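Notes follow the structure.
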Amino acid sequence: MSRPVLVLNGPNLGRLGRRQPEIYGTTTHAELAQRCVAWGAALGLAVEVRQTNHEGEMLDWLNDAADTGTPVVLNAAAWTHYSYAIYDACAQLTAPLIEVHLSEPLQRPEVFRHTSVVTPHAAQVIAGHGVDGYRQALEALAALTGESGSSGTDR
Ligand code: DQA
């Protein structure tokens, strides 16, 4: 039986494919979502992908994930770097959280990207691997939550 997993993407990620492709690649959000569903299915995970530009909506999704014990792959995008509301919502999660970024924020020139409010609550951070980072995150979740998949790296 497939276990539910949420892939939650934050602001501006709906513009993937058109948004600074030299940084974020040419895959659209719709294509990313399709791939996540297929990767999840191969791992025994029922993946649902959502994207929002509205912080309150993201908080509602995280609060629901906490209540339902649903594992989360989170790319909080710019909120990663300053949202204490996202920090507080991630703190309440009851199943594993994997933080994902397409780029590697720690290698980027803007100093504000070097802080993450998500990392303290994440079982693993996967950054700088583009869209494939989501596949790696789903593999890590599959391993952490018990069924197929390779080893998860705890931190
Ligand atoms: C991002 C990195 C963030 O710094 C940025 O604000 C984003 C995308 C990434 O996936 O590389 O919107 O989270």
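On a predicted model such as this, the values are computed, not experimentally measured, just so you know. Order of listing sets the numbers, starting from 1, for every ligand and every atom in it.
At a threshold of 4.5 Å between non-hydrogen side-chain atoms, the residues Ile23 and Arg108 count as touching. Inter-residue side-chain proximity for Tyr82 and Thr115 is flagged as unmet; no heavy-atom pair is nearer than 4.5 Å.
Using a 4.5 Å cut-off between side-chain heavy atoms of Ile, Leu, Val, Met, Phe, Trp and Tyr, with links allowed through other members, Tyr87 and Val72 fall into the same hydrophobic cluster.
Closest approach of Pro11 and Ala78 over heavy atoms only: CG-N, 4.2 Å.
The single protein non-hydrogen atom nearest to atom 1 (C) of ligand 1 is His101 ND1, 3.7 Å, given as residue, atom name and distance. Of the protein's heavy atoms, Ser103 OG, 2.6 Å lies nearest to atom 11 (O) of ligand 1.
His101 pairs with exactly one of Thr80, Ile126, Val118 by the side chain to side chain contact (heavy atoms under 4.5 Å, CB included) rule, that one being Thr80. Just one residue in the list Ile98, Val100, Val73 forms a side chain to side chain contact (heavy atoms under 4.5 Å, CB included) with Gln124, and that residue is Ile98.
Residue contact check: Arg113 has heavy atoms under 4.0 Å from atoms 3 (C), 4 (O), 5 (C), 6 (O) of ligand 1. For ligand 1 and Ala78, the ligand atoms under 4.0 Å from any heavy atom of the residue are 6 (O), 12 (O). Atom numbering of ligand 1 starts at 1 in the shown order; those under 4.0 Å from a heavy atom of His81 are 3 (C), 4 (O).
For a threshold of 3.5 Å applied to N or O pairs, the pair formed by Arg19 and ligand 1 contains at least one separation below that value. On a distance-only criterion, Leu102 and ligand 1 share at least one N/O pair closer than 3.5 Å. Considering backbone and side-chain atoms alike, Pro105 places every N or O at 3.5 Å or more from each N or O of ligand 1.
Close to ligand 1: Asn75, with a non-hydrogen atom less than 4.0 angstrom away.
Taking a cutoff of 4.0 Å between a charged side-chain nitrogen and a carboxylate oxygen, Arg135 and Glu139 qualify as a salt bridge.
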